[in-house]
Amino acid sequence: MLGERPDSEIVVTAYDIFLTTSQYEGLPYAPIEAMRAGVPILATKVVGNSELVIEGKNGYLIDLEWSKSVEKNYIRQRKWMHK
């Protein structure tokens with residue numbers, strides 16, 4: 001979770017995968033940066049992501065309910081790691 005950065009298009013090139021679990025997107029910019037860098041995308045099936053991700057070509061779309069579980073477990077793991 002890096003937040004806003006002026007060098008994000010450089011940072012994204014180091015990613016193995018780009019994960020976004022948004023519940024709503026208009027036209028998301030971050031996945032576009034991942035696409036430009038050739039990084040595969042794993043994104044929720046919501047408006048915006050659905051227009052960008054071509055299944056099997058530049059990434060995959062995941063069910064919104066599944067993504068909520070991923071977020072919950074990620075937060076739980078971070079809390080456990082920082083005890």
Side-chain angles (χ1 to χ4, degrees):
M1 309 279 180
L2 300 174
E4 186 175 334
R5 294 183 55 126
D7 61 347
S8 60
E9 64 184 39
I10 295 168
V11 172
V12 74
T13 62
Y15 294 177
D16 293 321
I17 190 167
F18 179 85
L19 172 66
T20 177
T21 58
S22 298
Q23 295 181 17
Y24 172 81
E25 286 289 349
L27 179 58
Y29 188 70
I32 294 172
E33 289 180 335
M35 290 169 60
R36 286 181 52 196
V39 175
I41 301 167
L42 186 57
T44 47
K45 289 181 191 175
V46 295
V47 173
N49 292 339
S50 301
E51 285 73 30
L52 295 175
V53 177
I54 301 168
E55 297 251 5
K57 183 169 180 162
N58 64 349
Y60 291 94
L61 294 168
I62 56 175
D63 182 64
L64 184 58
E65 290 303 315
W66 183 85
S67 74
K68 289 178 185 177
S69 173
V70 169
E71 286 179 291
K72 185 172 73 175
N73 287 317
Y74 174 77
I75 291 167
R76 185 174 23 196
Q77 179 185 3
R78 286 189 50 93
K79 286 179 182 177
W80 177 79
M81 290 173 60
H82 295 285
K83 283 186 177 182

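Being a predicted model, the structure only gives us computed values, none of them experimental.
For the pair Q23 and T44, the minimum side-chain heavy-atom distance is 4.5 Å or more.
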Donor-acceptor contacts under 3.5 Å from residues 31-38 side chains, at least two apart:
unit_1, atom_1, unit_2, atom_2, d
E33, OE1, S8, OG, 3.3
E33, OE2, S8, OG, 2.9

Would you list the atom pairs, donor with acceptor, under 3.5 Å between side chains in residues 50-59 and any protein atom, with sequence neighbours excluded?
unit_1, atom_1, unit_2, atom_2, d
S50, OG, V46, O, 3.0
E51, OE1, G48, N, 2.5
E55, OE2, L61, N, 3.2
N58, OD1, I54, N, 2.6
N58, ND2, L52, O, 3.1

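L27 and I41 fall within the same hydrophobic cluster, defined by Ile, Leu, Val, Met, Phe, Trp and Tyr side-chain heavy atoms under 4.5 Å apart, directly or through other members. Hydrophobic clustering (side-chain heavy atoms under 4.5 Å, transitive across Ile, Leu, Val, Met, Phe, Trp, Tyr) groups V11 together with V39.
In this structure, the separation between CG on L19 and CD1 on I62 is 6.0 Å, given to the nearest 0.5 Å.
A 6.0 Å sphere centred on CG of D16 holds no more than 12 heavy atoms belonging to other residues, nucleotides or ligands.
Scanning all heavy atoms of the two residues, the minimum distance from L64 to S22 falls at CD1-O, 3.7 Å.
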